[in-house]
Protein chains: 2
Amino acid sequence: MTRLTKTIKLRDVAERAGVSQGTASNVFNRPELVREEVRSRVHAAAQALGYAGPSPKGRLLRAGKVNAIGVAAAEPLDYFFADPWARRLLREVAAVCDARGAGLALVSVGRGGPLGWGIESALVDGFLLRCAGRELLVEIAQRRGLPFVALSLDTAEPDVPAVDIDDFGGARDAARHLVALGHRHIAIIGIGLGDGPGRASPELARSTRFVNVRERARGFWAGLAEAGIGPEDVPILVGQDDGSMIGPALAELFQTSEVRPTALLAMSDRVALAALDWLNHQGLRVPGDVSVVGFDGVPEAEAAVPSLTTVEQPYRQIAERAVAAILDDAIPAGREVLPLSLVIRNSTGPAHKAD
Amino acid sequence: MTRLTKTIKLRDVAERAGVSQGTASNVFNRPELVREEVRSRVHAAAQALGYAGPSPKGRLLRAGKVNAIGVAAAEPLDYFFADPWARRLLREVAAVCDARGAGLALVSVGRGGPLGWGIESALVDGFLLRCAGRELLVEIAQRRGLPFVALSLDTAEPDVPAVDIDDFGGARDAARHLVALGHRHIAIIGIGLGDGPGRASPELARSTRFVNVRERARGFWAGLAEAGIGPEDVPILVGQDDGSMIGPALAELFQTSEVRPTALLAMSDRVALAALDWLNHQGLRVPGDVSVVGFDGVPEAEAAVPSLTTVEQPYRQIAERAVAAILDDAIPAGREVLPLSLVIRNSTGPAHKAD
DNA sequence: ACTGGTATTTGAATCGGTTCAAGAGCGGTC
DNA sequence: GACCGCTCTTGAACCGATTCAAATACCAGT
């Protein structure tokens, strides 16, 4: 579709209408400044030439503002539609952008260079960085020189603008909920703590480089501590966030423990859901035999059977704060923390009698 | 964050390095053309000035290619993350774009004007139009003058480039499947056929302006006709695609029919899933009492309990074809039709004895 | 006829790069 | 010493608009 007819530009229209280019520009952007007669003459010329209106490309250069924000992740682009958390958050980001008439571009950091569409080259006014563990993204974004906000940043660098959540508080609330229901034998299902199924030590959870994993662990312990339950009494299962290793880990836990746990505190809804699945297959009733609390509040948690009690992120607020940061030049000075809320559904209930 | 220091541009770097702007440009884009010594001099100057590399804005104007495609819908932006079908398709589109190093921008058609980010102003190389009934989108895209492809276009205009699916064939396969299982009393759950719960006449289904609804209906009838079942023997339930009116419609059907259907042919997975839900609540077993076939093949269909037999769209192929159309200038001449495939899961089984 | 004021238009600068024909510098040949 | 073939560099045009100070047109008032 190589155009032989070279593109018609504003200049051509102006020429044909017998006006200056400046006037032609005004016809399209500030019609009230142009006399009616001239206006229609220009429109007629545009019509005759098949001019579609000022090209955004040209405008951009002059105006500077693209009126769009980019969301970047280290994962491939389809992550934004495949991952439950990302999808849930992006939905709010999209809604906020829509309400403000701004565009939304998805950016993956994989291939960069002057060739591919990356943080270096995306035509946007700023970035929302979905960082998980790699501050790499932040570094690249800084290089680009556009405003950016990190979401769920995994490092505690104070000078990086970030909108984050109170993992500690949310986790503590989750633990308190179980404690209030009478649970005393509780296990944690972790994420990002290792490769194989099995258990992790509290030290590992305390020292992982993933800040939110650390904080969630600390929160769980803090809540349990209020009932006199110490970290050493709480097994930590190693799982992948995609839920792949939860089965074996749970099997080991339920077979070898002298006292089987009556409740599970998961560090993400995905692992919680995987646990739910495993429990169902084992014929264990939820919450009859085992209660389960998730983390994140993804839509799947609500749809699960039984629906999952979980600590929900304030998606809308995160989106609003982050988008405003970019669009209103209101970059947070450092890390801003938003509260989470415990949503109680049907996967938690009173502790049954200990065996 | 108004910058007082005015932006550093390539020209500044060139000046400071004592080379021409053209050479400076080459340093960043075609380093092999520049002598090592000069190259490092320019880099040093860039470093000193805090120059982040050529701005995409400038490049764009000259180069023409944005290297990104826009996906547009008439719905608000969050539709792309909230709607199961859109999300599923976008996931593939994203994957294809990622593989080609292209960007992905989401566009809603709501607010346009020179102000908001719409089809008129999005900085992309072309559009994928998710049309549902309104050729409005097509019209706007034509005006913009960029290449575009319509997805699931609801009009049969032959000159609009479109990547579409064989609704008729898919629906026929679904009907054949039920027939082969011995079902003879079958109802159709329609979409886009009206406002209230209740039934629609075959005439209505034949004349609706939604092409794919028409085609799916025709396909169902064609498959059933092979077993001697005529359209007049098949009630058509009116439902909203969001599943909201399925319950009442089904209730009416199951209470008033002299012969209760043993199987349901749904025009979308969403209504099928809603039907599944209703049946569960009524204590009717699927597929024991009633078999259900969906349409679209969204991820939720697989996750449902029981998993839903459905006619699956070739998402990957659609995405590949459509993205290639834009990025490779391979716009289809007219409507291209891709085949669907029946995925048999656990929501369909042999017909039980008629009551 | 001249003046002041308002409504339109114009022209030129700018935005930030890319591109490419033409020129400069240089080592080697005949 | 003139000429050739190379490798780098330069300079200027161009991409498609927006913007704004200055120029012009038009009109009422005196």
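Every chain is numbered from 1, with letters handed out A, B, ... down the list of sequences. Here the structure is a predicted model, which is why all the values come from computation and not from measurement.
Take the nearest nucleotide of DNA chain D for B/Glu36 and for A/Ala24: the residue whose nucleotide is more 5' is B/Glu36. For the pair A/Leu33 and B/Gly58, nearest-nucleotide mapping onto DNA chain C gives the more 5' position to A/Leu33.
For B/Gln21 against C/dG17, a side-chain N or O and a base N or O form a donor-acceptor pair under 3.5 Å. Donor-acceptor pairing under 3.5 Å, judged by distance alone, is present between the side chain of A/Arg62 and the base of C/dT14.
Residue B/Tyr51 has its side chain nearest to C/dG17 when only C/dG17, D/dG16, C/dT19 are considered. Across C/dT10, D/dT18, C/dG17, the shortest atom-to-atom separation from the side chain of B/Leu10 is found for C/dG17. The listed nucleotides are C/dT9, D/dT9, D/dG16; the one nearest the side chain of B/Arg35 is D/dT9. Minimum atom distance to the side chain of A/Pro54 is reached by D/dT18, of the listed D/dT10, C/dG17, D/dT18.
Separating the CG atom of A/Leu123 from the P atom of D/dC15 is a distance of 19 Å, rounded to the nearest angstrom. Distance CZ (A/Arg39) to C1' (C/dA7): 13 Å, rounded to an integer number of Å. Put simply, CG on B/Asn26 is 9 Å from P on D/dT9, counting in whole angstrom units.
Annotation for A/Val107 and A/Ala122: closest pair CG2-CB, 3.9 Å, computed over non-hydrogen atoms. The two residues B/Ser108 and B/Leu77 have their closest heavy-atom pair at N-CD2, 3.7 Å.
Between B/Ser20 and D/dT9 there is no side-chain N or O to OP1 or OP2 distance below 4.0 Å. A/Ser25 has no side-chain polar atom (N or O) that falls below the 4.0 Å cut-off from OP1 or OP2 of D/dT19. At least one side-chain nitrogen or oxygen of B/Asn29 sits closer than 4.0 Å to the OP1 or OP2 atom of C/dT18. Applying the 4.0 Å criterion to OP1 and OP2 of D/dC15, one finds that A/Lys9 has a side-chain N or O inside that range.
Using a cutoff of 4.0 Å between basic side-chain nitrogens and carboxylate oxygens, A/Glu37 and A/Arg41 are scored as salt-bridged. The pair B/Glu15-B/Arg11 does not count as a salt bridge, with every side-chain nitrogen at least 4.0 angstrom from each carboxylate oxygen.
The aromatic ring centroids of A/His43 and A/Phe28 lie less than 6.0 Å from each other.
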